[in-house]
Amino acid sequence: MEEKKESLNFIEQIIEDDLSTGKHKQIITRFPPEPNGYLHIGHAKSICLNFGLKETFKGKTNLRFDDTNPSKEETEYVESIIEDIKWLGFEYDNLFYASDYFEQLFEWAVMLIKDGKAYVDEQTPEHISEQRTNPTINGIESPFRNRSIEENLKLFLEMKDGKYADGSMVLRAKVDMNSPNMHMRDPVMYRIMKKHHHRTGDKWCIYPMYDYAHGQSDYIEGITHSICTLEFEVHRPLYEWFLEQIDTTGKRPRQIEFARLNLSYTVMSKRKLLELVKNNYVNGWDDPRMPTISGFRRRGYTPDSIRNFADRIGVARRENMIDVGLLEFFIREDLNKKANRVMAILNPLKVIITNYPENKTEQLEAQNNPEDISAGSREVSFSREIYIEQDDFMEEAPNKFFRLKPGGEVRLRYGYFIKCNEIIKDNDGNITELHCTYDPESKGGQSPDGRKVKGTIHWVDSQTCIDAEVRLYDRLFVKENPEDTNENETYLDYLNPDSVRINTAKLEQSLLYAKPMERFQFERKGYFCVDKDSKQDKLIFNRIVTLKDSWTKIAGNE
RNA sequence: ACGCGAUUAGUUCAGAUGGAAGAACACAGGACUUUGACUCCUGAUGUCGGUAGUUCAAAUCUAUCAUCGCGUGCCA
């Protein structure tokens with residue numbers, strides 16, 4: 001029984017107080033995406049927060065689609081959002097749509113009119129905006145603000161019945177035209193929009209605005225803590241105003257704001273993400289370079305790594321920019337325990353072992369995962385011709401380079417010691433082949449004479465290895481904060497021209513049956529995931545992340 | 001300009017009722033190693049945004065200033 005008493009974040013603190021004072025017996029949170037795009041890692045933070053609260057306080061969490069604007073919403077997005085939440089490993093207690101409440105919302109709007117707290121305004125959007133003026137001075141009341149309840153009622157019903165054109169009038173709440181908070185200057189509650197809705201079809205031609213719909217929806221569902229991001233902070237007084245109009249019990253949901261996630265070297269706004277997809281800067285929402293949940297999934301990230309990440313970055317009200325390196329830390333940590341090791345050569349260099357018999361092949365035992373003995377072992381074949389990594393040979397090597405060099409000896413992982421004797425080059429001076437000799441006594445990687453060989457490199461047998469496409473991904477942007485632009489530039493100017501490199505790699509034979517979404521560690525190279533489009537006759541691997549590499553640092557310092 | 005909010009190590013966050021500044025990642029050094037990975041040791045870094053005040057005692061309370069963010073859609 002591990003009782004690790006971590007300190008509570010400010011939201012957990014609030015909830016614990018509410019529970020201990022008896023304000024609530026059980027909490028209910030909600031995750032309320034608008035189905036107008038794919039979920040990204042910022043949403044993952046919110047999901048982990050809301051569903052995490054449910055788990056730690058034994059409450060409930062609803063998934064509610066905030067589908068009050070039919071001009072932007074599609075069922076495709078609804079499905080992807082559900083899939084992403086499930087993939088992260090969370091289960092919602094109820095699936096709701098704001099559109100489920102259109103009838104109730106309408107009735108409450110009628111009630112507000114009858115109370116003299118809402119009116120139909122026939123002015124243009126421009127006019128309404130002008131009258132709101134600015135926060136430093138009082139606003140100007142609409143000429144329609146004080147028309148009779150009967151007239152408002154009649155007009156609103158006619159709006160609902162489709163008698164008026166889009167944009168010709170709106171229903172406004174009568175709040176306070178002099179408030180320093182612009183959201184309180186008679187906000188729009190309903191607009192006319194003759195659009196087909198993905199769920200209600202053509203039943204409605206008036207649709208509620210976020211500010212009106214959101215709090216009331218929370219109320220209907222009995223949400224206790226309505227958690228949203230900081231930019232809604234200034235909406236809170238209005239959220240409460242609308243609730244006051246319908247609630248007599250005093251048991252109202254409470255809106256709490258936290259700082260959204262910003263990740264370095266990427267963008268997070270739906271608009272920009274959509275633009276990247278629409279203009280083919282990436283190959284779809286699930287492109288492995290995208291910060292979407294589906295992108296991370298395809299890239300090979302595990303749900304655990306993302307959840308651990310979300311837990312670690314915490315929840316606060318401070319603006320933040322999280323280093324993408326932290327996410328990489330969590331995926332390495334997770335896969336180090338889970339991923340089987342295999343050998344693969346990303347940039348092949350042929351090596352001929354001149355003293356090894358021509359037609360001989362032998363099987364060497366290789367461990368699948370040193371971190372997990374139960375993963376067992378496998379056999380890898382070895383013969384006279386093998387491939388090694390081009391990087392693992394240097395003709396003129398610095399002192400600290402302990403891989404293969406002329407006259408030097410190196411260990412082939414699970415295999416023999418080999419020594420390089422001859423370098424074969426083409427007419428342009430490029431190295432095409434190495435001739436080496438092996439020490440037959442060193443099978444398995446140890447020599448009976450006990451001599452030390454510092455370097456161990458990976459390799460594959462040229463007889464049995466298989467070719468595969470390997471996609472080497474790098475960050476999508478070259479700038480830490482691509483949204484921080486200079487004059488005449490946009491975030492697109494910071495796209496990394498080298499964010500993916502495609503290699504034909506040589507893989508050990510055991511990978512022939514690798515299935516889509518299976519993850520491996522290519523020893524000394526990184527973690528890789530079989531792409532969802534991979535086939536047995538055309539294998540495709542995505543690089544999830546490289547291994548930590550202290551060699552490039554050492555080399556860089558020389 | 002006005003309103004609201006934020007400010008603790010390089011970064012993200014902890015620091016109830018005021019009582020000797022903490023964690024993780026990153027970084028540096030070392031041990032181990034058939035992955036220059038992993039693991040394990042060790043280490044450095046903070047005028048707790050500034051100033052003034054209350055107090056025996058302030059990161060914590062008060063005032064004030066500064067800086068940054070958000071808000072003036074019939075988007076969410």
Side-chain angles (χ1 to χ4, degrees), chain A residues 6-9 13 32-34 36 66-69 71-73 98 121 123-126 128-130 132-137 139 166-172 179-185 187-193 206-207 209-211 213-214 228-237 257 259 261 264 270-271 312-323 325-330 332-333 336-337 341 343 366-367 370-371 400-403 411-415 417 442 444-446 453-458 521-526 546-555:
Chain A
E6 302 253 326
S7 58
L8 304 176
N9 67 44
Q13 196 72 252
E34 183 187 14
N36 68 345
D66 225 331
D67 55 352
T68 55
N69 184 355
S71 67
K72 301 201 296 184
E73 296 150 7
D121 198 333
Q123 301 181 98
T124 61
E126 296 72 30
I128 290 176
S129 171
E130 278 167 29
R132 280 207 260 252
T133 65
N134 68 67
T136 59
I137 56 173
D166 283 19
S168 60
M169 53 180 69
V170 292
L171 182 72
R172 286 227 257 170
S179 171
N181 182 340
M182 298 301 280
H183 296 280
M184 301 298 271
R185 320 259 264 217
V188 172
M189 292 172 65
Y190 273 93
R191 75 283 216 188
I192 303 172
M193 205 186 274
I206 58 171
Y207 292 95
M209 300 288 291
Y210 166 85
D211 281 308
H214 201 89
C228 61
T229 47
L230 243 26
E231 65 266 29
F232 292 101
E233 199 167 5
V234 288
H235 295 244
R236 198 194 318 136
E257 310 86 15
L261 166 68
S264 62
K270 272 190 188 172
R271 203 208 90 223
R312 186 69 239 173
I313 59 177
V315 176
R317 291 172 63 83
R318 186 164 28 154
E319 303 284 331
N320 59 76
M321 168 70 77
I322 310 275
D323 188 348
L326 188 61
L327 226 198
E328 292 172 349
F329 165 80
F330 281 107
R332 286 192 188 106
E333 180 189 60
N336 178 48
K337 292 175 293 192
R341 274 63 169 167
M343 293 198 285
Q367 221 185 334
E371 306 287 324
K400 286 180 183 160
F401 184 84
F402 43 87
R403 306 178 192 176
R411 172 167 39 235
L412 295 176
R413 177 127 238 227
Y414 308 119
F417 293 175
S442 63
Q446 271 159 328
V453 169
K454 180 121 181 165
T456 301
I457 64 173
H458 60 108
Q521 184 195 96
F522 288 3
E523 289 210 43
R524 304 206 306 134
K525 285 284 127 186
T546 60
L547 255 32
K548 254 175 58 178
D549 176 15
S550 45
W551 163 244
T552 50
K553 259 176 232 160
I554 296 166

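Computed from a predicted structure; not experimentally measured. Letters A, B, ... mirror the listed sequences (proteins, then strands); counts begin at 1.
- In this structure, A/R185 has no salt bridge (Lys or Arg N to Asp or Glu O under 4.0 Å) partners at least two apart in sequence or on a different chain.
- Within 4.0 Å (heavy atoms only), A/F417 reaches no atom of the nucleic acid at all.
- Every residue meeting the salt bridge (Lys or Arg N to Asp or Glu O under 4.0 Å) condition with A/R403, not counting sequence neighbours, appears here in chain and number order: A/D392.
- The CG-P distance, from A/D549 to B/G36, rounds to 9 Å in whole Å.
- Scanning atom types as modelled, no donor and acceptor separated by under 3.5 angstrom connect the side chain of A/R524 and the base of B/G36.
- Annotation: B/U47 and B/G71 have their P atoms spaced 31 Å apart (nearest Å).
- Ring planes of A/H235 and A/Y210: perpendicular class, angle over 60° (limits at 30 and 60°).
- With rounding to the nearest 0.5 Å, the separation of CG in A/L326 from CZ in A/R312 is 8.0 Å.
- Residue A/Y414 is classed as a base contact, given a heavy-atom separation below 4.0 Å to a base.
- Across all strands, A/Q521 comes closer than 4.0 Å to base atoms (heavy-atom distances).
- Residues that satisfy the side-chain contact (heavy atoms from CB on, under 4.5 Å) test with A/V453, not counting sequence neighbours, are A/E409, A/R411, A/F417.
- Place A/L412 and A/T136 on RNA chain B by their nearest nucleotides, and A/T136 ends up nearer the 5' end.
- Nucleotide B/A37 holds its P atom 17 Å from the CD atom of A/E333, rounded to whole Å.
- Distance check on atom P: B/C2 versus B/G19 gives 36 Å, rounded to whole Å.
- Residues meeting the salt bridge (Lys or Arg N to Asp or Glu O under 4.0 Å) test with A/D67, sequence neighbours left out: none.
- Base contact: A/R341 has a heavy atom under 4.0 Å from a base atom.
- Between A/K454 and B/U33 there is no side-chain N or O to OP1 or OP2 distance below 4.0 Å.
- Under the ring-ring contact (aromatic ring centres under 6.0 Å, His included) criterion, A/F522 pairs with A/F528, A/F541, not counting sequence neighbours.
- Annotation: B/A66 and B/A52 have their C1' atoms spaced 15 Å apart (nearest Å).
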Checklist entry - In dot-bracket, 5' to 3', how would RNA chain B read with Watson-Crick or G-U wobble pairs under 3.5 Å, [ ] for crossing ones and | for pairs to another strand? => result .((((((..((((.....[..)))).(((((.......))))).....(((((..]....))))))))))).....
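- B/C41 sits 11 Å from B/A24 when the P atoms are compared, rounded to a whole Å.
- The residue A/F402 sits close to a base: some heavy atom pair falls under 4.0 Å.
- Separating the C1' atom of B/A28 from that of B/G10 is a span of 14 Å, rounded to the nearest Å.
- For the P atom pair drawn from B/C65 and B/C56, the interatomic distance equals 28 Å after rounding to whole Å.
- Considering only residues two or more places apart in sequence or on other chains, A/L547 meets the side-chain contact (heavy atoms from CB on, under 4.5 Å) condition with A/Q521, A/Y527.
- Evaluation of the salt bridge (Lys or Arg N to Asp or Glu O under 4.0 Å) rule for A/E371 yields no partner, not counting sequence neighbours.
- Atom-to-atom distance recorded for A/L412:CG and A/H458:NE2 is 11.0 Å, nearest 0.5 angstrom.
- Checked against side-chain contact (heavy atoms from CB on, under 4.5 Å), A/E257 has the following partners two or more places apart in sequence or in another chain: A/C228, A/L230, A/E233, A/R236, A/Q255, A/R317.
- Annotation: B/U51 and B/A59 have their C1' atoms spaced 16 Å apart (nearest Å).
- A/N181 and A/S179 share no donor-acceptor pair across their side chains, judged by distance under 3.5 Å alone.
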Protein and nucleotides 11-13 of chain B: nitrogen or oxygen contacts under 3.5 angstrom:
from	atom 1	to	atom 2	distance (Å)
B/U12	OP1	A/M321	N	3.4
B/U12	O2'	A/I313	O	2.8
B/C13	OP1	A/N320	ND2	3.3
B/C13	O5'	A/I313	O	3.2

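- When the C1' atom of B/U35 is taken as reference, atom CD of A/E371 falls 11 Å away, rounded to whole Å.
- Nearest nucleotide to the A/P370 side chain, out of B/C27, B/C2, B/U35: B/U35.
- Remark: P of B/C38 and NE2 of A/H458 are 16 Å apart, rounded to the nearest angstrom.
- To the nearest 0.5 Å, the span separating OG1 on A/T124 from CE on A/M169 amounts to 13.0 Å.
- Protein atom CD of A/E328 is 16 Å distant from nucleotide atom P of B/A37, rounded to whole Å.
- In this entry the distance linking CZ of A/R411 with C1' of B/U35 reads 11 Å, nearest Å.
- In this structure, the CZ atom of A/R332 is 8 Å from the P atom of B/A26, given to the nearest Å.
- Atoms NZ (A/K548) and P (B/U33) sit 19 Å apart, rounded to a whole Å.
- Contacts of A/K454 classified as side-chain contact (heavy atoms from CB on, under 4.5 Å), with partners at least two apart in sequence or in another chain: A/F402.
- Across the C1' atoms, B/U11 and B/U7 are found 15 Å apart, a figure rounded to whole Å.
- In this structure, B/G10 shows a glycosidic angle more than 90 degrees from zero, which is the anti conformation.
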Checklist entry - If the sugar-phosphate is the primed atoms plus P, OP1 and OP2 and the base is the rest, what is the B/S/- string for nucleotides 71-76 of chain B, using protein heavy atoms under 4.0 Å? => result BBSBBB
